[in-house]
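Here's the structure we're looking at; comments come further down.
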There are 2 protein chains.
Amino acid sequence: MAATDRALTGLRQMIASGELGPGAKFPPEPELCDHLGVSRSSLREATRSLAALGVIESRHGSGTYVSALDPAEIISRFSLSVELIPLEGVLQLLEVRRILEAHATAAAAARQDPALAERLAGILDRLEATTDAGEIQALDAEFHGAICEAGGNPTVTALTGVIRGRGGHYRIFEPGADFDAIKRTSDLGHRAILAAISHRDPAAAATAASAHIAQTELWLRALRPEPQVELPAAD
Amino acid sequence: MAATDRALTGLRQMIASGELGPGAKFPPEPELCDHLGVSRSSLREATRSLAALGVIESRHGSGTYVSALDPAEIISRFSLSVELIPLEGVLQLLEVRRILEAHATAAAAARQDPALAERLAGILDRLEATTDAGEIQALDAEFHGAICEAGGNPTVTALTGVIRGRGGHYRIFEPGADFDAIKRTSDLGHRAILAAISHRDPAAAATAASAHIAQTELWLRALRPEPQVELPAAD
DNA sequence: GACCGTAAGTGGTCTGAGGACTTAACATCA
DNA sequence: TGATGTTAAGTCCTCAGACCACTTACGGTC
C-alpha cells in the first residue's frame with residue numbers, strides 16, 4: 001500500500017475505532033509520522049485529504065483535531081466539488097433538491113409556527129421589491145433556507161443549500177428577454193409556498209415547493225441547453 | 001492567502017472557467033507550481049484535497065486529470081467521511097435516505113418493467129434463505145440498489161447507497177435476542193415493496209419503502225442508544 | 001489582579017534529491 | 001509486414017532537512 005494511503009487509513013482508523021472522538025486532538029505530526037511509518041510530506045497529504053472531506057481540522061500553531069463529525073458540516077464541504085459539476089449533473093442534483101425540499105416544506109407547514117410565516121412574508125416583501133440579481137439570489141436562499149431549517153433536519157438543510165448554491169451560479173435572474181416573466185412566476189411560486197405554510201397544509205406545501213423547483217429545472221434546461229451528444233466511439 | 005489555498009483556488013478556477021473540462025489533463029507539477037506561484041509541496045496538498053473530493057485524479061507516471069465530474073461518482077467519495085459519522089448524524093442521514101428512496105421506489109414502480117420485478121424476486125428468495133449477517137447486508141444492498149437504479153436518477157442511487165452503507169456498519173442483523181423477529185419484519189417489508197412494484201402502484205411503493213426504512217431507523221435507535229448528553233458548559 | 005513579553009509547541013512552506021510507474025518510440029525478430 | 005521486447009522520456013510519489021508563522025501558556029512586571 002502506498003505511503004499516503006497508509007497514512008490516510010491509519011488516521012481514519014484512529015477515528016473509526018473510537019480512539020479519537022469528535023473534537024479530539026491528534027498527536028503532533030512528527031509523532032504521527034513515526035506511528036504510521038511515513039514521512040511528513042505523506043502524512044500532510046493524508047491530513048489534507050481528510051480536511052477536505054470535513055473529517056479533521058488543522059489549526060496553525062495549535063494542532064490537528066477531529067471535526068465535530070456533524071453531517072450538515074460535512075455535506076457543506078461538498079460545495080467545493082458540486083460547484084464544478086456541469087449542467088447535466090446539476091439537473092440530477094436539482095431533482096434531489098426538489099424531493100428533499102418538498103418534504104422539508106411539508107414538515108415546516110405541519111409545525112404551526114406563526115413566527116416562521118411572518119418571517120417568510122418579510123423576506124418575500126423584500127424579494128418582490130428588488131430586481132438585482134445578487135439580491136434576488138440571496139433572498140431566495142434565505143427564504144428556502146428558513147423553510148428547510150423549520151423542517152427540522154439540518155442535514156436536509158445543508159444538502160439542499162449546497163445544491164441551491166450551485167443552481168444559483170447559472171444566474172437565471174440576470175436581466176434579459178424573459179426576466180419579467182420569470183421573476184413574476186418565481187414570486188408567485190414563493191407566495192404559493194408561503195400560503196400553504198400559513199394554512200398549515202403540508203400536502204399543499206409539498207406540492208407548491210415541488211412545482212416551484214421543477215419550474216427552476218425547466219428554466220435551466222431552456223436557458224443552458226446541453227452540449228451536443230458525442231458520437232459513440234468504436235472500441 | 002495561504003499557499004495551499006492559493007493553489008486550491010487556482011486549480012478549481014482552471015476547471016470552473018472551462019479551461020479544463022472533464023477528463024482533461026493538467027500541466028506537469030513543476031509547470032503548475034510556476035503558474036500558481038507555490039512550491040511543489042503546497043501544490044500537491046491542494047491536488048490531494050481535490051482528489052479526495054473526486055474532482056481530479058492523479059495517475060502515477062501518467063499525469064493529473066480532471067475527473068468525469070459525474071455527481072454520482074463525487075457523492076460516492078462521501079463514504080470516506082460518512083463512515084465516520086456517529087449515530088446521531090446517521091439518523092439524520094437515514095431520514096434523507098427514506099425520503100429519496102421512497103421517491104425512487106415509486107418511480108421504479110411506475111416504470112412497468114417485468115424484468116425488474118423478476119430480478120427483485122430472485123434477490124428476495126436468496127435473502128429469505130440466509131441468516132448470514134454479511135450476506136443479508138449484501139443482498140439488502142442489491143435489492144434496494146436495483147430499485148433505486150430503476151428509479152432513473154444515478155445521483156439518488158449513489159446518495160442512498162452511501163447512507164445505506166453507513167447504516168450497515170451497525171449490523172442490526174447480527175444473531176442475537178431479537179434476530180428472528182427483526183429478520184421476519186424486514187423480509188415482510190421487502191415483499192411489500194416488491195408487491196407494490198409488481199402491481200405498478202407508485203403510491204403504495206413509496207409508502208412501503210418509507211415504512212421499511214423508518215423501521216430500520218427505529219431499530220438503530222433501540223439497539224444503539226445515544227450516549228449521555230453532556231452537561232452544559234458555563235462560558 | 002491585570003497586563004505584557006517571552007519561549008515552547010505545532011502546523012505551514014520551501015528546496016532538493018532520488019525512486020516508481022506509465023507511455024511511446026524504437027529496434028529486433030519471426 | 002506484424003508482433004514483441006527494449007529503451008528512454010515524462011510524470012507523479014516519497015523522503016529528508018530546514019526555516020517560517022501562528023498559538024498557547026508560563027512567568028514577570030506594573
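A quick note: this is a predicted structure, and the numbers were derived from the prediction, not measured. Lettering follows sequence order; numbering is per chain, from 1.
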Checklist entry - In terms of side-chain heavy atoms, does A/E135 have a donor or acceptor partner in A/T130 at a distance below 3.5 Å? => result yes
Item to check | From CD1 (A/I74) to CD1 (B/I85), nearest 0.5 Å | outcome: 4.0 Å
Next on the checklist: I need the A/I213 CD1 to A/I99 CD1 distance, nearest 0.5 Å.
Outcome noted: 10.0 Å
Checklist entry - Of A/T64 and A/S41, whose closest DNA chain C nucleotide lies nearer the 5' terminus? => result A/T64
Item to check | Close approaches to DNA chain D from residues 20-36 of chain A, in residue order (heavy atom, under 4.0 Å) | outcome: none
Checklist entry - When you measure from every atom of DNA chain D, which of residues 6-17 of chain B have a heavy atom less than 4.0 Å away? => result none
Checklist entry - Taking the side chain from A/K25 and the backbone from A/S62, do they hold a donor-acceptor pair closer than 3.5 Å? => result yes
Heavy-atom check, side chain of [X] versus side chain of [Y], under 4.5 Å:
| X | Y | answer |
| --- | --- | --- |
| B/R12 | B/L53 | no |
| B/L50 | B/L8 | yes |
| A/L36 | A/R6 | no |
| B/F26 | B/E31 | no |
| A/R59 | A/T64 | no |
| A/E101 | A/C148 | yes |
| A/E29 | A/L43 | yes |
| B/Q92 | B/E95 | no |

Checklist entry - Base, sugar-phosphate, or nothing for A/T47, non-hydrogen atoms under 4.0 angstrom? => result nothing
Next on the checklist: Does this structure show an ion pair linking B/E83 with B/R166, if we count only N-O contacts that are shorter than 4.0 Å?
Outcome noted: no
Enumerate the protein-to-nucleotides 4-8 of chain D contacts in which both atoms are nitrogen or oxygen and the separation is below 3.5 Å.
none

Checklist outcome for this item: First and last nt of DNA chain C near chain B, cut-off under 4.0 Å to heavy atoms, 5' to 3', are C/dT13 to C/dT22
Checklist entry - Could you go step by step and tell me if A/E142 and A/R126 meet the salt bridge (Lys or Arg N to Asp or Glu O under 4.0 Å) rule? => result CA-CA 11 Å; A/E142 191 179 343; A/R126 283 183 285 153; 3.6 Å; yes
Checklist outcome for this item: Whichever of A/G37 and A/Y65 has the more 5' nearest nucleotide on DNA chain D, that residue is A/G37
Item to check | Distance in angstrom units between B/E57 CD and D/dC13 P, rounded | outcome: 12 Å
Next on the checklist: Suppose the criterion is ring pair (Phe, Tyr, Trp, His ring centres under 6.0 Å): which pairs have a residue in residues 134-159 of chain B, not counting sequence neighbours?
Outcome noted: B/F143-B/H190, B/H144-B/H190, B/H144-B/H212
Could you pull out the protein-nucleic contacts involving nucleotides 20-23 of chain D (nitrogen or oxygen on both sides, under 3.5 Å)?
unit_1, atom_1, unit_2, atom_2, d
D/dA21, N3, A/H60, NE2, 3.0

